[in-house]
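Along the sequence shown, residues are numbered consecutively beginning with 1. Treat the numbers as computed from the prediction; the structure is a model and nothing was measured.
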Amino acid sequence: MRCSSRSSARSSSSTAIDFDCSGQNVIRECPVREQVGCGAVSADFLAAVASYPNPDDKIRTTDLKFQGGGNAGNALTCASRLGLKPRLISKVADDAQGRGILEELKADGVDTSFFIVSPDGNSPFTYVIVDNKTKTRTCIHTPGHPPLLPDELPLSSLTSALDGARIIFFDGRFPETALKIAREAVSKHIPILVEAERLREGLDDLLIVADYAVCSAKFPKAWTNGASTARALLSMMLRLPNLQFIIVTMGEDGCIMLERSVDDDPDSGEEDVDSLLDSLRLKSPNYMTLPTCILSPKMKLTAKEIGTVSGRLYLGTAENIPPPEIIDTTGAGDAFIGATLYALCAGMPPEKMLPFAAQVAAANCRALGARAGLPHRTDPRLAPYLL
């Protein structure tokens, strides 16, 4: 996979196989590992219950945990456990929750030296109620105060934060500060990945400069008013000409990725994007338990009254997790993004990246909270993807 037209100075880093003296496969580290993120962190108070309570009910928890959270915090923790060296730009208050957030990130290898710590206010925190019966979670979030402002990140600090960065990730929080960082990243030819979870103030400005986007299931249709997800992805690609690919994650239904072709083939075929997606779904094996990927040839993807994009469509499946093993889906999307960041740094092709990210997300669903189940690089379930 090409990482970006911006990263002309990119090294030829990739995951490769070495052999030790016994002939066993040895996973080689990705040579270029620095990565920067800007976005949300949180202290999560997780309460698992037998079933979600009715109004005025009094119930007991089946499990209780205090754990770090927040989209960017979770994604970068995942990336760190997989082998990257992430730096996170965010803000907390000098309170017990803020100190706990920083300590947990540091313990997981995330560089927090570019955090802003406010002497006043409060750190972000979230109450998460996990319903054991429906396998759903309800989040009640209290934002941090005061927010991170652009003036709190001087150019000298920003330059240091971006030094040697392989890729930049934004989750859409702190839009003014994020855009300041993004513009500096563009000037330094550093690729940008943006999470589009929901419509947010300032998110459009980040998407315009993004090289990659990972969206929630509802976002593409909400952003474009598209009649279908496939048509919405095509519309996004046309409106955001810098994007190399867009991924939409759909939980147990897997993911869809639209990749733009760098070189147009005048002899390539043309097909309606909805019809093409339907044909990929028919090819999806229903007997596979592990994630897999089905892809189209490079072609002209069209949608009536929208337009045409030269590219390729991918359909990624999710792991078929036995129901008793599903504990909590909190942070599954963040885990997917963390694995995608690693895959881009390691030069994985999309047909390998999507199952890898799905496998990491599935592992995270087997424990309570957004981070307890995040796998480390040495997890045997990841070995097939890292050889």
Side-chain angles (χ1 to χ4, degrees), residues 1-5 193-199 203-204 206-286 288 291-318 333 336-337 340 343-344 348-355 357-358:
M1 180 193 302
R2 290 187 67 223
C3 272
S4 176
S5 56
L193 186 150
V194 171
E195 176 186 15
E197 183 182 31
R198 58 174 60 93
L199 301 177
L203 180 59
D204 288 9
L206 288 174
L207 287 171
I208 288 170
V209 298
D211 298 89
Y212 317 106
V214 179
C215 309
S216 66
K218 296 179 180 180
F219 181 84
K221 292 170 69 173
W223 196 72
T224 65
N225 294 316
S228 70
T229 297
R231 289 170 64 88
L233 291 178
L234 190 70
S235 180
M236 287 184 69
M237 193 68 87
L238 288 167
R239 296 187 194 183
L240 303 168
N242 193 58
L243 279 183
Q244 291 190 36
F245 70 61
I246 312 171
I247 300 172
V248 54
T249 58
M250 303 177 295
E252 63 182 8
D253 293 324
C255 65
I256 302 168
M257 171 174 162
L258 177 57
E259 180 186 37
R260 192 191 306 273
S261 290
V262 178
D263 49 342
D264 292 338
D265 182 358
D267 298 323
S268 62
E270 182 173 309
E271 188 165 350
D272 176 80
V273 68
D274 278 326
S275 299
L276 182 59
L277 180 58
D278 288 341
S279 69
L280 293 183
R281 284 176 170 148
L282 290 174
K283 296 177 183 178
S284 177
N286 55 17
M288 295 286 289
T292 188
C293 180
I294 303 96
L295 60 152
S296 76
K298 288 183 180 179
M299 60 175 57
K300 294 180 177 66
L301 307 170
T302 68
K304 189 177 180 181
E305 299 176 352
I306 294 179
T308 301
V309 170
S310 294
R312 175 173 278 166
L313 199 63
Y314 298 79
L315 177 65
T317 65
F336 187 99
I337 289 175
T340 300
L344 287 168
M348 283 188 190
E351 57 269 29
K352 186 175 183 180
M353 175 182 73
L354 297 181

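Across all their heavy atoms, Gly251 and Ala318 have their closest contact at O-CB, 3.6 Å. Shortest non-hydrogen contact noted between Ala303 and Asp272 is CA-OD1, 4.1 Å. Contact between Asn242 and Ile208 at its shortest, heavy atoms only, is CB-O, 3.9 Å. For the residue pair Leu234 and Leu301, the shortest heavy atom distance occurs at CD1-O, 3.6 Å. For the residue pair Phe245 and Glu259, the shortest heavy atom distance occurs at CB-CA, 4.0 Å. Taking each heavy atom of Thr224 and Ala232 in turn, the nearest pair found is OG1-CB, 3.2 Å.
Note: Ile246 CD1 to Met236 CE = 4.5 Å, rounded to the nearest 0.5 Å. Atoms CD1 and CG, from Ile294 and Leu354 in turn, are 10.0 Å apart once rounded to the nearest 0.5 Å. Note that CG of Leu233 and CD1 of Ile306 are 10.0 Å apart. Values are rounded to the nearest 0.5 Å. Rounding to the nearest 0.5 Å gives a distance of 12.0 Å between CD of Glu195 and CD1 of Ile247. With values rounded to the nearest 0.5 angstrom, Ser310 atom OG is found 10.5 Å from Met299 atom CE. Note that the SG atom of Cys215 and the CE atom of Met250 stand 11.5 Å from one another [nearest 0.5 Å].
Of the possible donor and acceptor atoms, one in the side chain of Thr317 sits under 3.5 Å from a partner among the backbone N and O of Thr292. Between the Ser296 side chain and the Leu313 main chain, a donor and an acceptor come within less than 3.5 Å of each other. Between the side chain of Arg312 and the main chain of Leu295, no donor-acceptor pair closer than 3.5 Å is present.
Put simply, the side chain of Thr229 reaches to within 4.5 Å of the side chain of Ile256, judged on heavy atoms. Between Leu243 and Arg260, some side-chain heavy-atom pair lies under the 4.5 Å cut-off.
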Kindly indicate, with the supporting measurements, whether the criterion side-chain contact (heavy atoms from CB on, under 4.5 Å) is fulfilled by Leu277 and Tyr314.
CA-CA 8 Å; Leu277 180 58; Tyr314 298 79; over 6 Å; no
Walk me through it: do Thr302 and Val273 pass the test side-chain contact (heavy atoms from CB on, under 4.5 Å)?
CA-CA 6 Å; Thr302 68; Val273 68; over 6 Å; no
Please step through side-chain contact (heavy atoms from CB on, under 4.5 Å) for the pair Leu203 and Val194, ending with a clear verdict.
CA-CA 9 Å; Leu203 180 59; Val194 171; 3.7 Å; yes
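Crowding of Glu351 atom CD: a count of heavy atoms from other residues, nucleotides or ligands under 6.0 Å exceeding 12.
Defined by atom type and a distance below 3.5 Å, a donor-acceptor pair is missing between the side-chain atoms of Ser235 and Arg231. Side chains of Asp274 and Ser228: a donor on one and an acceptor on the other come within 3.5 Å.
Cation-pi contact between Arg198 and Trp223: absent, since separation from the ring centre below 6.0 Å together with deviation from the ring axis within 45° is not met.
Residues forming a side-chain hydrogen bond (donor to acceptor under 3.5 Å, both in side chains) with Glu271 (at least two apart in sequence, or on another chain): none.
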